[in-house]
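First up is the structure itself, then whatever we jot down about it.
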Amino acid sequence: MRTQRENAARVVVIGAGMAGARLAARVPGVTVIGEEAHAPYNRVLLAEVLAGRYEPDVIALPPAEVRRGVRVVRIDRAERRVLCDDGGVIGYERLVLATGSNPVLPPLRGLGHMLPDGVHPFRTLDDCLALRAAVRPGVRAVVIGGGLLGVSAARALAECGAQVVLAQQGEHLMERQLDAEAAGMLRRHLETLGVEVHTECRVRGLRCTDGETPAVRAVEMADGYELEAEITVLACGVRPRAGLAQAAGLEVRKGIVVDDELRTSDPYIHAVGDCAEHDGKVYGLAGAALEQADVLAEVLAGRPARYGGTRALTRLTLRSPSAAPVTAGTTGAAVVSGTSGGLDLAAFGDSRPMPGDDVIRLADATRNAYRTVVVRGDRLAGGVLFGDLAAVGTLARTWQDDDPLPADTSLLHLLTNDGGF
């Protein structure tokens, strides 16, 4: 006989990030449990908060009823309840795991379980506020990782007046989104902001002060070179937060495995967002998390809906310090835009051609403009646009919808201002 459950709820969501908040907005009566003390917020805009463009309340998501500052420590699948660190026990009919992801802490010498003073991950609002409090004009900052997050952090720190070095292990910046030529343009843009960029360099460890509370003083490279650092930002990627699910006996591979109804190996438990693995993929992007939450809202309402994957799209904003603020998002192509000395860059899909693909590139050095698209069969596989984004809307929509290209469309016409359609 099932034991009595406290605060029984039809749907309980663990995690008050963007996926959890989206689900709560679409499913009435949801109980949301969130570890962070803050109300749900738009994680995509953390770099804008770090740069001082926005205050935390500006990036808050629409109000949702959340039990804040509470951590779920165990899932009791037999009794269908969750146990919290404040002693609370909450029963559920359906449970949704929206536990997100954790920042990857690289295996560096000098980096233990307790981070030295001056070493900051860049994942949560608390991370962002701690970093903003530590930054002052002239402070020496090293950002480890040259992906989307590292580039955003480096730009924001430079806007705060820090002396920034960006260290990237790969051949070029934002390798997942950009080809080498576009990445080179991005690098030159960061350098105009005062960011010193190092690629193809491996970080070996941190040099810290001795004592009870060690503080970072330098970042050691594999070749023995040291970068002086009072602040070090770890932007080395994220890993699905699946420990709670694993401890409960759910199927976990890279993330928590879900089917097309976002259902885990337990029919009463679903997973969405950065923690979920669907069809072998963990997206780690806000656009996918929101799309999954929308599908699950339909499923929980008893309406037919299936998740077939997300055409992974991200948005980012890079501007010169004098440019007017604009809103960033994660629902369109990877768009880095700006005016008055800012950067206009868009990337979508797979811009790395495979054998048999058709590729066209256009470059205009006088306008600092560059465009490339990759066509695979009769579909647009991906592309990168730098400088002039007039064609990006139609191109990105065509790619996102996976529409076949008209037979009479030339590759050159794809890069005209109207997208060729």
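Salt bridge R109/E220: present, at least one basic N to carboxylate O contact under 4.0 Å. Salt bridge R379/D402: present, at least one basic N to carboxylate O contact under 4.0 Å. The pair E226-R217 fails the salt-bridge criterion, with no side-chain N (NZ, NE, NH1 or NH2) lying under 4.0 Å from an Asp/Glu carboxylate O. Looking at R352 and D350, a side-chain N of the basic residue comes within less than 4.0 Å of a carboxylate O on the acidic one, giving a salt bridge.
Looking at S351, its side chain never comes within 3.5 Å of a backbone N or O of G382 through a donor-acceptor pair. A donor-acceptor pair under 3.5 Å is formed between the side chain of R311 and the backbone N or O of W399. Counting only distance, with no hydrogens or angles, the side chain of T99 and the backbone of R241 share a donor-acceptor pair below 3.5 Å. Here the side chain of H278 pairs a donor or acceptor atom with the backbone of Y307 at under 3.5 angstrom. Remark: side-chain polar atoms of D357 are paired, donor with acceptor, to backbone N or O of M354 under 3.5 angstrom. Looking at T209, its side chain does come within 3.5 Å of a backbone N or O of A215 through a donor-acceptor pair. D401 contributes no side-chain N or O that, together with a main-chain N or O of D403, makes up a donor-acceptor pair within less than 3.5 Å. Side chain of E277 to main chain of G255: a donor-acceptor pair is present (N/O by atom type, distance under 3.5 Å, no hydrogens or angles). Within the 3.5 Å criterion, the main-chain N or O of L95 finds no donor-acceptor partner in the side chain of Y268. D85 places a side-chain N or O within 3.5 Å of a backbone atom of R71 that can act as its donor or acceptor partner.
For R263, the CZ atom sits in a packed shell: over 12 heavy atoms of surrounding residues, nucleotides or ligands are nearer than 6.0 Å. Other residues, nucleotides and ligands contribute over 12 non-hydrogen atoms within 6.0 Å of the NZ atom of K254.
Atom-to-atom distance recorded for N102:CG and C275:SG is 11.0 Å, nearest 0.5 angstrom. To the nearest 0.5 Å, the span separating OH on Y283 from CG on D274 amounts to 12.5 Å. Here CG of D358 is found 11.5 Å from CG of D378. Values are rounded to the nearest 0.5 Å. In this structure, L166 CG and T199 OG1 are separated by 9.5 Å, a value rounded to the nearest 0.5 Å. Considering CG of L108 and SG of C236, their distance stands at 7.0 Å, rounded to 0.5 Å. Rounding to the nearest 0.5 Å gives a distance of 5.0 Å between CG of L46 and SG of C128.
Legend: salt bridge (charged side-chain N to carboxylate O under 4.0 Å, His left out) pairs involving residues 188-205, not counting sequence neighbours, sorted by first then second residue: R187-E191. Judged as a salt bridge (charged side-chain N to carboxylate O under 4.0 Å, His left out), the pairs with a partner in residues 13-31 (not counting sequence neighbours) are, in order, R22-D294, R26-D294.
Residues A347 and L178 share a closest heavy-atom pair of CB-CD2, 3.6 Å. Considering every non-hydrogen atom in both C160 and L50, the closest pair reads SG-O, 3.2 Å. Scanning both residues, L115 and V119, for their nearest heavy atoms gives CD1-O, 3.8 Å. Looking at every heavy atom in both residues, V272 comes nearest to A293 through CG1-N, 4.4 Å. Heavy atoms only, all atoms of each residue included: G146 and V151 are closest at O-CG2, 3.8 Å. Between Q168 and G147 the shortest heavy-atom distance is OE1-N, 4.5 Å.
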Go through D117 and V216 one step at a time and tell me if the side chain to side chain contact (heavy atoms under 4.5 Å, CB included) criterion holds. CA-CA 6 Å; D117 283 353; V216 67; over 6 Å; no
Determine whether I269 and R77 satisfy the following criterion, side chain to side chain contact (heavy atoms under 4.5 Å, CB included), listing intermediate values before the conclusion. CA-CA 9 Å; I269 302 178; R77 291 170 54 194; 4.0 Å; yes
Give the C-alpha distance, both sets of side-chain angles, the deciding distance and a yes or no for side chain to side chain contact (heavy atoms under 4.5 Å, CB included) between N42 and L61. CA-CA 6 Å; N42 186 343; L61 296 173; 4.1 Å; yes
Determine, stepwise, if the pair T310 / E291 fulfils side chain to side chain donor-acceptor pair (under 3.5 Å). CA-CA 8 Å; T310 295; E291 188 173 341; 3.1 Å; yes
Before giving the answer on side chain to side chain contact (heavy atoms under 4.5 Å, CB included), spell out for V11 and T31 the whole-Å C-alpha distance, their side-chain angles and the decisive distance to 0.1 Å. CA-CA 6 Å; V11 179; T31 297; over 6 Å; no
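For the pairing with H270, the side chain to side chain donor-acceptor pair (under 3.5 Å) check across R94, Q292, E261 returns one residue only, R94. Remark: of the listed residues R53, R132, R43, R53 is the sole one forming a salt bridge (charged side-chain N to carboxylate O under 4.0 Å, His left out) with E48. Partner of V139 under the side chain to side chain contact (heavy atoms under 4.5 Å, CB included) criterion, out of I231, L157, V164: I231 alone.
Geometrically, R10 does not engage Y92 in a cation-pi contact defined by less than 6.0 Å to the ring centre and at most 45° from the axis.
Within the 4.5 Å cutoff, the side chain of V233 has no heavy atoms near those of the I144 side chain. Side-chain contact between P116 and L111 is present, with at least one heavy-atom pair separated by less than 4.5 Å. V72 places none of its side-chain heavy atoms less than 4.5 Å from the side chain of I90. Looking at heavy atoms from C-beta onward, D179 lies in side-chain contact with R361 at the 4.5 angstrom threshold. Residues R136 and E230 are in side-chain contact: their nearest non-hydrogen atoms beyond the backbone lie under 4.5 Å apart. Put simply, the side chain of V165 does not reach to within 4.5 Å of the side chain of V143, judged on heavy atoms. Taking the side chain as every heavy atom from C-beta outward, R123 and V238 approach each other to under 4.5 Å. At a threshold of 4.5 Å between non-hydrogen side-chain atoms, the residues Y41 and V49 do not count as touching.
Residues passing the ring-ring contact (aromatic ring centres under 6.0 Å, His included) test with H172: none are found, sequence neighbours excluded.
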